[in-house]
Amino acid sequence: MEKWYLMTAVVLLGLTVRWTVSLNSYSGAGKPPMFGDYEAQRHWQEITFNLPIKQWYFNSSDNNLQYWGLDYPPLTAYHSLLCAYVAQFINPDWIALHSSRGYESQAHKLFMRATVLIADLLIYIPAVVLHCCCLKEISTKKKIANALCILLYPGLILIDYGHFHLGLALWGVLGVSCDWDLLGSLAFCLAVNYKQMELYHSLPFFCFLLGKCFKKGLKGKGFVLFVKLAGTVVASFTLCWLPFFTERAQALQVLRRLFPVDRGLFEDKVANIWCSVSVFLKIKDILPHHVQIIVSFCLTLLSLLPACVKLTLQPSPKGFRFTLVSCALSFFLFSFQVHEKSILLVSLPVCLVLSEIPFMSTWFLLVSTFSMLPLLLKDDLLMPSVVTTMAFFIACATSFSIFEKTSEEELRLKSFSVSVRKHLPRFTFLPRIIQHLFIISVITMVLLTLMTVTLDPPQKLPDLFSVLISTELTSANPPLLLRKTGPELTSVPIFLYFICGTPTTAWCAKRCHVRTQDSNWQTPGRQSRTYT
Amino acid sequence: MAALSVMTGGGSWFLALALGVTLLKCLLIPTYHSTDFEVHRNWLAITHSLPISQWYYEATSEWTLDYPPFFAWFEYALSHVAKYFDQEMLNVHNLNYSSSRTLLFQRFSVIFTDALFVYAVHECCKCVDGKKACKELTEKPKFILSVLLLWNFGLLIVDHIHFQYNGFLFGLMLLSIARLFQKRHMEGAFLFAVLLHFKHIYLYVAPAYGIYLLRSYCFTANKPDGSIRWNSFSFVRLISLGLTVFLVSALSLGPFLALNQLPQVFSRLFPFKRGLCHAYWAPNFWAVYNALDKVLSVIGLQLKLLDPKKIPKASMTSGLVQQFQHTVLPSVTPLVTLICTLIAILERKTSF
């Protein structure tokens, strides 16, 4: 493409920002006995290098599953093994069995950060660049600006424990959108085998590819494609899980580690429906465990069905991207055991639609970064998060002129407003409402950040913050991504995301010490586990 | 909303560049810093806790004050803000004190004072106009100049990682250059005089300033072909320039003249005892000279032309800052370097 030098500058800027952010503290630094995610990653290298494959997922004297046991699919384990070989070459003390627990040094930090940066450089960044280059109907400058904004998205920079799976998923999206169906589905299968959270994205992939098969005709090319895809999926899964197919017990144990359904509806404070509702109504105490699972399953399915059906009937790359957003958000809002960091799985598809609805996407991405603030503060990342958020906001504002493009047409709310105007002819002020809501939302986020950093919640009125903020937010939250490609039902999950005022009520729940952990679940000596 | 859209609309690329680089500077806060960090902390301590008469005599730390008085006053002003961050850094005896608050204060002081640099770049860009109208932003000379100056990575590394205050000093210089371009010569001269009393290393470019002001300001008119009109010399202008420089110098050195400390101040400002080359050689002519001397001495030893007992070992490459003698080639004194510099400048001036 022309102006390749500008794209190079953008990539280099993205790398510089990532590296400077990684100079800060990491999760669990200097906090024995459990430390944090950083120690988890190091521990997996230790386990995979020193123990045979059969013992990786089992509890044993050498492998204490309570201390950061492996709970991601095999590809994560293989990746850790690869890093372990490099670590062995540089300094074997880093991964020595047992004795390297809690190992912390400047050299080791450099090594771990380097592995993350290399993974980003090889997988994620090329995918972003290729995605932006393949965008249609926009100028070269806009493509480069798009790449800049996506690479500056703070969430992925600050939570830097390797975005291998997001990079692979992005390759999957690219492949499937550009009609390289087999390669795309292979990439996505690898992503799922890296982190099971990618299943959030699996339904849109399935529906899109199924829709393509239907379009090509069930008797003929469509059927051939279907068989080829099925074969690719089966082959990739078999290849990844081969060492675990030797015994039934092995495969079952791995599955049990991947999907811990015993753990309860949610853990910690997360910006989804269950946590928000529990501020007012203690769901965990009202509903029994198995009912919680069923309710969560049904709501998730109901909220994502319309978009998926539509995608199957009318497959298109644009619809595919929007459906990815919708499904990921449904899962995030209603699913079982969602962690704060799972918002990244929603943010990635939103980054992909940044060029189509810049205003709403920017707003969502800002709020999603803010929703992770408690986690970031715990890791001492206040300065980098403020700086990267501001940089992202400036980049989006200047690249897309988001404040100028807020007409109904550009916000993709035309069909919604038209249908409302049938009953209320004077309803023409939706864009202005949305602009004002945006400003209020930004001001609220800034205030809440300041308050979190400087104040403690008042002892006498522990619910003060939550009441104030929930009332403000429930009264004013626009439906994001109401789009003309789908009926209003598809906007339900996204509407609910805002209407719960979820990021903020989750924040207040945390600040006001609202009990959200299941008291029946005893996890001795274990902190709330990151789960992305 | 309209205000926001105006701010972020087209034509605000300068603001985006300035904000962007400022945010990058904030991200560089936790990076490595050199001994210059301790140098400036020490100067904050000296200027805050000691009376003026002690400033150029204080030697508790090895990093003594060796910048002109205006910079000392600048550190004094900063120290009044520093006391709200961490009082301990202002103690002269707290050598190598670098708490997180100290680091934050120091880094932010550099970032904040860079505002002058940003303003100066803005002024320079106003003086630069492309001859043909360019539609493409990246081809406009203003844009290119802004990027090259604001995002200068050498400056970023030296100021925001290594730790120095070059940003705002360069801002002063660029501002004075901009004023000269805008034909506001007196302001330009004043700003340069002030700059000299902040960091005397800018004496390097003083001859250029002197000759330019003489030619463009003191000679008020030109002949039709552009050459000099000798009888248009204005003594008034020459005297006013001289007076400006004199007044600025008086303000700066006055207190020390009154205290009879001028020799001490000059010995601190111009430390010729440090030797021809610094610990880390600058890539200049003397580095080549030293290297040549080294090579010749090695060859001389091999060919047995030189007596090994008379040659000092590893004198120049030991990384120490000291005076020494050359072995084969003639030794170089400060006077010699001055003469060489003047000859080189004069040669430039005649062609100008």
Side-chain angles (χ1 to χ4, degrees), chain A residues 2-3 5-6 9-10 12-14 16-25 106 139-141 144-145 148 152 154 157-158 358-359 362 380-406 431-439 442, chain B residues 1-33 85 100-101 103-108 111-112 118 134-140 143-144 146-148 150-157 159-163:
Chain A
E2 60 202 64
K3 304 223 175 107
Y5 55 89
L6 276 178
V10 161
L12 288 173
L13 190 65
T16 310
V17 173
R18 276 165 171 71
W19 192 251
T20 47
V21 168
S22 74
L23 290 168
N24 288 283
S25 174
Q106 201 56 19
S139 66
T140 315
K141 270 181 77 177
I144 296 171
L148 179 68
L152 281 182
I157 298 176
L158 297 163
F359 182 75
T362 310
D380 276 331
L381 289 172
L382 175 66
M383 170 74 84
S385 46
V386 166
V387 169
T388 45
T389 308
M390 282 172 63
F392 174 72
F393 181 58
I394 291 170
C396 288
T398 44
S399 311
F400 296 112
S401 311
I402 51 177
F403 299 114
E404 289 161 15
K405 293 189 180 153
T406 49
R432 247 185 299 143
I433 294 179
I434 290 181
Q435 288 171 14
H436 287 127
L437 284 176
F438 175 76
I439 294 181
V442 168
Chain B
M1 212 67 190
L4 274 168
S5 68
V6 162
M7 198 180 79
T8 56
S12 64
W13 50 265
F14 187 81
L15 195 63
L17 279 178
L19 278 173
V21 80
T22 309
L23 292 171
L24 184 65
K25 289 170 191 172
C26 293
L27 283 179
L28 290 174
I29 286 177
T31 51
Y32 151 85
H33 56 80
F85 278 76
S100 57
R101 285 183 155 217
L103 185 76
L104 209 62
F105 169 72
Q106 296 263 57
R107 292 279 194 211
F108 270 126
I111 295 172
F112 188 70
V118 171
C134 301
K135 282 192 182 166
E136 203 46 70
L137 178 67
T138 52
E139 285 172 20
K140 280 192 193 158
F143 181 80
I144 297 172
S146 303
V147 169
L148 286 176
L150 287 174
W151 283 75
N152 186 325
F153 268 86
L155 197 61
L156 276 176
I157 290 175
D159 264 16
H160 300 277
I161 298 182
H162 184 85
F163 197 84

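Note that the structure is a prediction, hence the values are computed from the model and not measured. Letters A, B, ... are given to chains in the order of the sequence lines, protein chains preceding strands, and every chain is numbered from 1.
By the ring-ring contact (aromatic ring centres under 6.0 Å, His included) test, B:Phe163 is found to be paired with B:Phe37, B:His40, B:Tyr165, residues two or more places apart in sequence or in another chain being considered. Residues forming a salt bridge (charged side-chain N to carboxylate O under 4.0 Å, His left out) with B:Lys25 (at least two apart in sequence, or on another chain): B:Asp114.
Contacts of A:Met390 with chain B are made by both backbone and side-chain atoms, with heavy-atom separations under 4.5 Å. Contact annotation for B:Thr138: only side-chain heavy atoms (C-beta onward) come within less than 4.5 Å of a heavy atom of chain A.
Of the listed residues A:Val387, A:Thr20, A:Leu23, the one with more heavy-atom pairs under 4.5 angstrom with chain B than any other is A:Val387.
At distances below 3.5 Å, at least one donor-acceptor pair connects side-chain atoms of B:Arg107 with backbone N or O atoms of B:His160.
Two rings, from A:Phe438 and A:Phe359, have their centers less than 6.0 Å apart.
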